[in-house]
Protein chains: 2
Amino acid sequence: MLDDRKASILRAVVEEYIETAQPVGSARIAQVKEVNVSSATVRNELSVLEREGYLVQPHTSAGRIPTDKGYRFFVDHLTPNGGLQANQRQRIRDFFDTTHGALEQMLHDTSRLLSGLTDYAAVVVGPPHEAATVRSVQLVVLAPRVALAVAILSNGVVEKRSVDLGSEPAGDDRVAAASAHVAAQLVGRSLADPGRLTPTGDPVTDDIAAKVVAGLTSGHDDEENVFVGGASRMAASFDAVETVRGVLTILEQQYVVVTLLKDVLDRGLSVAIGAEVGLESLAECSVVVAPYEVEGEAVGTVGIVGPTRMKYPQALAAVALVSQRLGRHLSES
Amino acid sequence: MLDDRKASILRAVVEEYIETAQPVGSARIAQVKEVNVSSATVRNELSVLEREGYLVQPHTSAGRIPTDKGYRFFVDHLTPNGGLQANQRQRIRDFFDTTHGALEQMLHDTSRLLSGLTDYAAVVVGPPHEAATVRSVQLVVLAPRVALAVAILSNGVVEKRSVDLGSEPAGDDRVAAASAHVAAQLVGRSLADPGRLTPTGDPVTDDIAAKVVAGLTSGHDDEENVFVGGASRMAASFDAVETVRGVLTILEQQYVVVTLLKDVLDRGLSVAIGAEVGLESLAECSVVVAPYEVEGEAVGTVGIVGPTRMKYPQALAAVALVSQRLGRHLSES
DNA sequence: GTTAGCACTCGGTACACTCGAGTGCTAAGC
DNA sequence: GCTTAGCACTCGAGTGTACCGAGTGCTAAC
């Protein structure tokens, strides 16, 4: 643990570096009023902080830069709360007051909002579709042997799967029967817990019905349930084009992104810094996440991805507030 | 118009520059066997080509690089056909042979395919939802005053809009009546041509029905009907991070992308080069597009966005083949 | 019309040098 | 004993110079 002086010096270094992206020297720190000592004393402390792994020097005769460990301490112990400006808060409030329409669109817009607030890339993972109850199921024939199963859920999500009707064209009546049968079975339940189909007596109908239920309940959820906004902002955060490429490649793989956020949350973190993120390509990035709750239960995640040199106070506040408001908004509807 | 020798010299410059990204000098060109003259002669021709605007010198004592006009000539007159490797063709064939499932997913995957084939960003614009006929319409109440209108179209697309039911909660029967009424009206027709609603006699029902139809037919289509794949590859095409940022910002704005592709097609082009693209941020990019046809009618577009220094033969071939196969694939289902 | 030859241009690289930011250490001071 | 002024030292960044070589444009010969 660091004593007060070391802590405030570390804090000064981190804040200054986040601001300027330049290595910070002892003289600049000595000017910070919370640090009431001379630059020589600061230098002594800096070398201790470096020895203990909180800072590094890019080269002799340069200032210091925080390490992941330095950022970690800053985030855990030195981050002031409530770093969000009034107009930012207003923007969030306005957004959730005026937003409407389909869930997907709303989540997508939320990711853009968060990205706009922070100037980093933002990620929103939607509530699992299984959480909602089924309001309606329908089977529509598209081609002689292909039908589309469409389930409308209570949260406005529409799940659809194409279903192969089998080798020989089933009659329309069979399809209709299967549709009605599945509807009777699933409506009011969750897709996660479809229950067991009761046979109708007609094997063809039962076969189709089983396929429909299997299709609808097999969630390739994660793939489609994540919204990344403002990925282009990553290009402003780094000046090595190679780094940008790596980060963008990750952000394009929705499955990876979802897993990443889940991982961070599972580790009980709200911030993962640099190497903590666990992906080579994101070694220079930090990830800030927060779950959001609907009726007291965490159902999804919002987060941002930015450089380790991130404005943590604002980022944390923005993510926290957006996740909270998003949860509340979803609870209302 | 350029004589044969100038043309083959221009061609050599363009091909070499595309390959190496380095200004091309007269000596290198003189080595190309199609150009059977000495470097001195080449130099004379180069200075003519420069005077006529096909080439520029970054500075005296450097080689030449093509201008937009130079690329344009190359594309129009010098591009060999069929520049696609066998395994690339195979990849496309395999993709369309094995792909299945929902249209959106398939278009999304197509954009990734095309991006993977070319190493540039790829764009796929889906068929307008209005083109298909309605197979089913349903109105599902989600909240006291909000319902979701869901239309299932013959091509497997599901259109949904949330509909405000009005200030006072309408009875379930009214909603059901409206739902049935709209269904009777729309099924079998296109959303582009919904026809006129016949009044039922009940003003509340009619009011809801009108809202549903209005919602479903007002296409904010373009926004949701475009799929961009492999945007991260743009980072590999430029070394100025600022350029990358600009390009990515454009690619994130789906509306802009759709408009862009439409523009290019409307101008009767299959390639727009540099300034021809018409967007400041894409001044260093070229766009290759091709419409795809379903039953003889152009219904959508595929395209790629890459640097002006693009491998045009392969890019053109890939876009052409993918668009053709995509059209065929959609016609079959 | 083509080409060999050559003077010339100019960016890139290497090198030396300076400047200054920043350090670490030491010795004096509170 | 902790703090701090002072100072020697380090080293990157910036600058000026020289040089090299790629590449040109021009001229004169073929």
Q: Evaluate the criterion salt bridge (Lys or Arg N to Asp or Glu O under 4.0 Å) for residue pair B/D3 and B/K6; output intermediate values, then yes/no.
A: CA-CA 5 Å; B/D3 60 48; B/K6 286 197 186 60; 3.0 Å; yes

Q: Summarise protein proximity over nucleotides 3-15 of chain D in one line of letters, 5' to 3': B for base, S for sugar-phosphate only, - for none, counting protein heavy atoms closer than 4.0 Å.
A: SBBB---BBS---

What residues, two or more places apart in sequence or in another chain, satisfy side chain to side chain contact (heavy atoms under 4.5 Å, CB included) together with [X]?
{"X": "B/A62", "result": "B/P58, B/H59"}
{"X": "A/Q31", "result": "none"}
{"X": "B/Q57", "result": "B/E50, B/R64"}

Q | Within residues 14-30 of chain A, residues whose heavy atoms come under 4.0 Å of DNA chain C | A | A/G25, A/S26

Q. Which parts of residues 46-54 of chain B get close to DNA chain C, meaning a heavy atom less than 4.0 angstrom away?
A.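 Here the set is empty: none.
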
**Q.** Non-neighbouring partners of B/N36 that pass side-chain hydrogen bond (donor to acceptor under 3.5 Å, both in side chains), sequence neighbours left out
**A.** none

Q: Can you tell me the distance, in whole Å, between the CG atom of A/D3 and the P atom of D/dC2?
A: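 Between P of D/dC2 and CG of A/D3: 12 Å.
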
Q: Send over the distance from A/I9 CD1 to C/dT23 C1', rounded to a whole Å.
A: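 Result: 15 Å.
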
Q: Under the salt bridge (charged side-chain N to carboxylate O under 4.0 Å, His left out) rule, collect the residues that match up with A/D68, sequence neighbours excluded.
A: none

Q) Can you name the residues that form a salt bridge (charged side-chain N to carboxylate O under 4.0 Å, His left out) with A/K69, not counting sequence neighbours? A) none

Q) Of all residues at least two apart in sequence or in a different chain, which pass the ring pair (Phe, Tyr, Trp, His ring centres under 6.0 Å) check with B/Y54? A) B/F73

Atom pairs and distances, donor-acceptor, side-chain atoms in residues 271-287 of chain B, under 3.5 Å, two or more places apart:
from, atom 1, to, atom 2, distance (Å)
B/E276, OE1, B/R72, NH2, 2.6
B/E276, OE1, B/I273, N, 2.9
B/E276, OE2, B/R72, NE, 3.1
B/S286, OG, B/Y312, OH, 2.7

Q | Pairwise ring pair (Phe, Tyr, Trp, His ring centres under 6.0 Å) hits with a residue in residues 260-287 of chain B, at least two apart | A |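 Found none.
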
